[in-house]
Amino acid sequence: MPPLRVSEWRKLPLSLTELCINTTLRCGQSFRWQKINDEWNCVLHGRLLSLKQDESFLHYKVTWPKSSSSPRKPAVLPKEIGDIDIQQGDDTEALIRHYFSLKHDLAALYDQWSESDPNFKKKAPKFTGIRIISQDAWETLVAFICSSNNHISRISQMVHKLCVHYGPLIGHIGDEAFHDFPSPQALTGKTVEAHLRELGFGYRAKYIAKTALIVSTTKPEGWLESLTNPESPGWAPVSIPVRDEPITYKQAHEELLLLTGVGPKVADCVCLMGLGWSEAVPVDTHVWQIAQRDYRFGKTKTKTFSKAMYDSVGDHFRQIWGPQAGWAQSVLFTANLKSFSEQAAADPKSVDIEVEIKQEIESESSLNLNSRKRRTMAIVEQVKVEDDEPSGVTAISRKRRKTRK
DNA sequence: GGTACGCCTGGTTT
DNA sequence: AAAACCAGGCGTA
């Protein structure tokens with residue numbers, strides 16, 4: 001019996017338009033993938049997964065830890081796994097299909113977004129194959145607590161430190177050790193905050209420690225997962241507390257806001273990437289810039305923007321792009337990232353005019369929508385007025401009430 | 001309900 | 001080269 005159980009390379013037929021891992025794994029969704037030579041590596045659900053891609057296939061290989069230290073070889077398998085995998089005792093293909101949400105036809109979605117949004121149509125062709133990946137909710141929560149007022153390289157370092165110091169060791173590639181992400185329990189303890197500060201987490205050390213404590217001690221098992229979109233169930237088989245009514249995106253968002261270090265932006269990141277709410281649109285400074293530059297949101301005098309503005313940007317994009325707005329947002333977000341700037345080309349002016357005209361039409365047609373959407377547009381229109389006549393709408397975001405301990 | 005300000009750190013710019 | 005500046009926000013007053 002070998003110390004490590006390594007599978008052969010297998011492959012899934014998949015075009016680069018349906019998924020481009022080189023973009024999707026680098027665009028600030030996940031902070032744990034490491035590229036070694038031409039292979040992307042990451043520990044997911046207790047195994048080391050390696051990926052590489054060519055024009056027609058996604059190739060994957062899995063390495064299981066030594067059996068004794070294996071945290072969880074899945075005892076209970078989710079329902080939708082193919083028979084072959086169950087018989088082989090390897091659910092990795094199912095994991096990949098879930099992780100990348102391969103049931104969605106991405107090319108069709110791009111077509112749909114392009115049809116309803118000239119700006120998307122202009123930007124997207126150079127950024128195909130970008131998907132929202134379905135990550136573990138707890139990891140997503142902690143990673144995006146780290147992301148506040150921070151940049152991708154440092155976020156990646158911090159997440160790596162969490163894994164190395166608190167997560168279970170799964171395997172090696174060369175000299176590189178690969179750990180899984182630590183559980184809430186592993187991050188609960190009196191020394192955690194001080195230690196994380198030593199490790200360079202800054203003020204986020206407290207947020208992580210407090211959030212881990214809340215989740216592991218004051219919430220029932222599976223609480224975070226219970227905020228998952230029922231139409232997009234999670235992958236890991238966890239027991240989830242029952243709810244009287246199906247949870248909504250807004251409810252999940254509100255519940256997350258009660259955690260320390262979680263504001264509207266982080267809550268939306270968790271909703272979108274960790275809980276399957278594809279309509280969640282995280283509005284950070286980049287998305288705000290995009291909204292101002294390409295979608296006629298007005299200039300503000302203040303550096304920050306208000307919760308009302310935050311909601312209005314999200315509602316606007318949901319109206320344009322529909323129920324998968326968060327997916328569309330990630331495409332434009334990536335196109336706007338500095339690290340991808342070489343991919344973005346100079347844009348012809350003619351399209352800008354087209355965008356403006358389209359925007360006007362959308363504003364008018366919105367009057368025929370229901371009252372909720374009318375209110376949304378009213379706010380947006382207000383913002384647009386500010387654009388023409390900058391006077392007062394500054395804005396800032398505030399959190400509602402947090403249960404202070 | 002809206003606004004200003006401090007916060008850790010480190011990569012990047014000046 | 002040292003010193004600002006800023007980066008995928010949030011909590012507090």
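Each chain gets a letter, A, B and so on, in the order the sequences are listed, and its residues count up from 1.
Remark: A:Lys250 is not positioned above the aromatic ring of A:Trp277, lacking an NZ or CZ atom under 6.0 angstrom from the ring centre and at most 45 degrees off the axis.
Of the candidate nucleotides B:dC8, C:dC10, C:dG8, C:dG8 has the atom lying nearest to any side-chain atom of A:Asp284.
DNA chain B is contacted by both A:Phe201 and A:Ser153; A:Phe201 maps to the nucleotide lying nearer its 5′ end (nearest heavy atom per residue). Nearest-nucleotide positions on DNA chain C for A:Tyr207 and A:Lys338 put A:Lys338 closer to the 5' end.
In this structure, CD1 of A:Ile152 is placed 11 Å from P of C:dG9, rounded to the nearest angstrom. As rounded to whole Å, 14 Å separates atom P of C:dG8 from atom CE of A:Met158.
The P atoms of C:dG8 and B:dA4 are separated by 23 Å, rounded to the nearest whole Å. Going from the C1' atom of B:dG10 to that of C:dG11 covers 23 Å, rounded to whole Å. Separation of the C1' atoms belonging to C:dT12 and B:dG2 is 14 Å when rounded to the nearest angstrom. When the P atom is compared between B:dC5 and C:dC5, the two are found 15 Å apart, to the nearest whole Å. Separation of the P atoms belonging to B:dG11 and C:dC10 is 23 Å when rounded to the nearest angstrom.
Taking the centre of each ring, A:Phe333 and A:Phe127 stay at or above the 6.0 Å mark. Proximity of the aromatic rings of A:His195 and A:Tyr166 is defined here by a centroid distance below 6.0 angstrom, and this criterion is met.
Of the nucleotides present, none pairs with C:dG8 by Watson-Crick or G-U wobble criteria with both distances under 3.5 Å.
No engagement by A:Val283 is indicated, since no non-hydrogen atom pair under 4.0 Å with the nucleic acid exists.
Just one residue in the list A:Leu102, A:Leu106, A:Leu58 forms a side-chain contact (heavy atoms from CB on, under 4.5 Å) with A:Glu18, and that residue is A:Leu106.
Counting atom types as modelled, A:Tyr203 pairs a side-chain N or O with a base atom of C:dG9 as donor and acceptor under 3.5 Å. Donor-acceptor pairing under 3.5 Å, judged by distance alone, is present between the side chain of A:Lys265 and the base of C:dG8.
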